[in-house]
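Report on the following structure.
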Amino acid sequence: MATTPSNMKGFYRLKKNKSGITKPTSSKKSSLHLVPSLGSDITQLTALISHGSPDLKDYHDNHEELMRQFDMNMAYGPCLGMYRLARWERAQRLGLNPPIGFEGLLKAEKVRSECWWDGRI
Amino acid sequence: MENRVKVLAAAAASCFCFPAMAGMEIDTVENLQRKQSTYKSLDETFEIQNETYRGQQYSQIYFARLHMMRTLLYSLVTHWKPHVPVCTVLGLEEGKECIIVGTLYKHMKLKPCILDEYSKERSAVPLVKHHNFMHPDDHLVLEDESGRVKLGGTVLSPSVYVTGVVVALHGKETGAGDFMVLDVLEAGLAPQIEPQLKSREDKYVVFISGVSAGSSLSNPLQFQLLVDHITGHLGDEKEQGIAAEIVHVVIAGNSVEIPLGLLNGQNLASKDQSRLSEPVQELDISLTQIAAGVPVDIMPGSNDPANFSLPQQPLNRWLFPGSRAYNTFRSCTNPHCFELDGVRILGTSGQNIDDLKKYSEGRDGLEFMERTLKWRHLAPTTPNTLGCYPFTDRDPFLIESCPHVYFVGNQDKYGTRILKGAEGQLVRLISIPKFCNTGMVVVLNLRNLECHTLSFETQFSS
C-alpha cells in the first residue's frame, strides 16, 4: 500500500508496546548467572526458580531427610515398592526396632508416604 | 407303620436312608447319622485379596524370609554350637571358624535361562530335559544382605539343597575365598500344638487329587463310584456304616482338564465354547452330590482355572453353581491349611514338591516333603523357579506351627510315613496319587492318624 490511512495506524501497531514483555532489567542481574549458557552447569533451571530465588528445598526439610535415611538403611530391607509406613511396620514386626518417631511422622503425613525412589525408577 | 420320607439335608449332619428290603412298603426307615467334626480354616495368610501390587520386586519376600528364618536360627545356634561366633558374610575372616546364616543359592549349569535365547554362541546342549536340571558341576552359594560366598566342602550336598532355603553354616573361609562348610543346621520341624480334645472314635478324611474331569484319561464311572461310596449310595449297611464315618473330603487340585487345543488364544467357535465349560460342569454335578452329604474342600491345582502363581486363590464359586448352594462346599486356596477336631492339616496340590524334584534329588516324594518340613518352608524354590506373588510384609509359605498331617496331591504314586521331630512332633506325611491314573484315594483316620487307600476299578476281570 502506498499510503496508509491515518486510522489504520492504530490498527497495525508499528511500535512495540512498552507494557509488554521486556528484557530483564538490571535489577534482576543477580539471577543472570543462573541462565543455562556456556560456562554454567545448572540444568533444569526453571523448575528451581520460584519467587525469584532458586528453590532447592523440594520436600527437603529435616523430616524428609530423616525418612530418606530410613529408606536407605539396608537393615530394614528393600524400600522400593512399599509404602514407608508398611516398611516401618514390617521392621517393627521383625524386631528390628525402627525409630518410633517415624511412625508418628508417617501417620501425621508430614512426609511423603512413598519411598524416595518411588516414581524415580 | 409310619411312612416316613427323609430328604437328604445340606447341613453338616446328613442321614442315610435305606428302606427295609423285606416287602414292597417302606415301613421302617433306619437312619445312619454321619459323624461330624469341627472345622477351622487357617487359609487367611494365603489369600491375596488385600494385597496391592506397588511395583515391588521379589527382594521383599526374600528379605522377609531371611529375617524370619534368621531370627529363628540365631536362637537355635546358641544351643547348637554355643562357643562359635556368629557373623555376617561380609564379616568373614580367613581361617577363623564362625557361623553364618543366609539364603542358599544353587548355581545350576542346566537351569534354563531366558538369556540363553539371546546368546550368540549356540552351544551343543540340546532341548532342555523336563524332569531334572541337575548337573555334577552345580554348586551352592550363601547370601545375606551384606554379600555372598561360595560354599565348599562335602558336608553340604548340592543335590539335596535348592535355592531359597535358609540355613546356618559352621565353617571357615579358605584362602581361595570360599567358605568351607564343616556343619549345617536346618531349622527343623516347627513346634507342634497338641489337639486339645483327642477324638476317641474313628473319623475319616478322604483325600483325592487329579480327578481331571474332562480328560481322555479320566473315567467318569470311577469317580462316580467314589462319590456314591462317600454319600452312602453304594453297598450294604456295613459299607454305609463305614461311609458314615467320613467327616470331610479334600480335593487336592487338578480336578478338571480343559482341552489344551482350546487354550491357544484364538477365537472359539460356539461348539468349542461349550467344550470349554463341559469339564467344570461335569465336576460340579459330582461335587453337588458330595457336598449334599459331607463337607468338601476343593483346592486349585496346576491345571485348574485359577491363577498360576502360588498361593493359588480359591476357584471361583460361580464355576460350581450347583455345589455353591451348600454351605458344606468350600473353595480353598493352594496351599490349604485347616484344623479338624484340633488336628492341623496342611497340604498343597503338588507344585512345590514337583518343583523340588526338578532341581534336587530324593528317594521319593515323601523325602522331599520331609525336607520342606525340616526347612520350615512349604515351597523354598518360590519365587526362583516356582511362581509366587511378591509379598512385601511376609512369606506365607513359612511353616510356623508344625501340622499333624501334611499332604501333597497329584503325585505319581501313593506313599505315607510318620515323621518324628526332635521335640516329639509327629507328622503323618501323605503323598496322594492322581485319581485319573490310579483310581486311588487316601483315607486318613483322625483318631490315630493312620492311613489307608480306597481303590475304585471299573474293569470287570473274568
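Just so it is clear: chains get the letters A, B, ... in the order the sequence lines come, proteins before strands, and each one is counted from 1. Here the structure is a predicted model, which means the values were calculated and not measured.
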Check your understanding: So, A:Arg90 side chain and B:Arg394 main chain: donor-acceptor pair closer than 3.5 Å or not?
Key -> no

Check your understanding: Any side-chain heavy-atom pair from A:Leu96 and B:His67 closer than 4.5 angstrom?
Key ->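 The answer is yes; the side chains approach within 4.5 Å.
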
With a 4.5 angstrom heavy-atom cut-off, could you sort out which part of [X] is near chain B: side chain, backbone, both or neither?
X	result
A:Ala91	neither
A:Glu114	side chain
A:Arg93	side chain
A:Tyr76	backbone

Within a 6.0 Å radius of atom [atom1] on [X], are there more than 12 heavy atoms belonging to other residues, nucleotides or ligands?
X	atom1	result
B:Lys111	NZ	yes
B:Ile193	CD1	no
A:His63	NE2	no
B:Trp80	CH2	yes
B:Met68	CE	no

Point to revise | Toward chain A: residues of residues 47-65 of chain B with heavy atoms under 4.5 Å | key: B:Arg54, B:Gly55, B:Gln56, B:Ser59, B:Gln60, B:Phe63

Check your understanding: CE/A:Met82 to CG/B:Asp393 distance, rounded to the nearest 0.5 angstrom?
Key ->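 If I round to the nearest 0.5 Å, the distance is 6.0 Å.
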
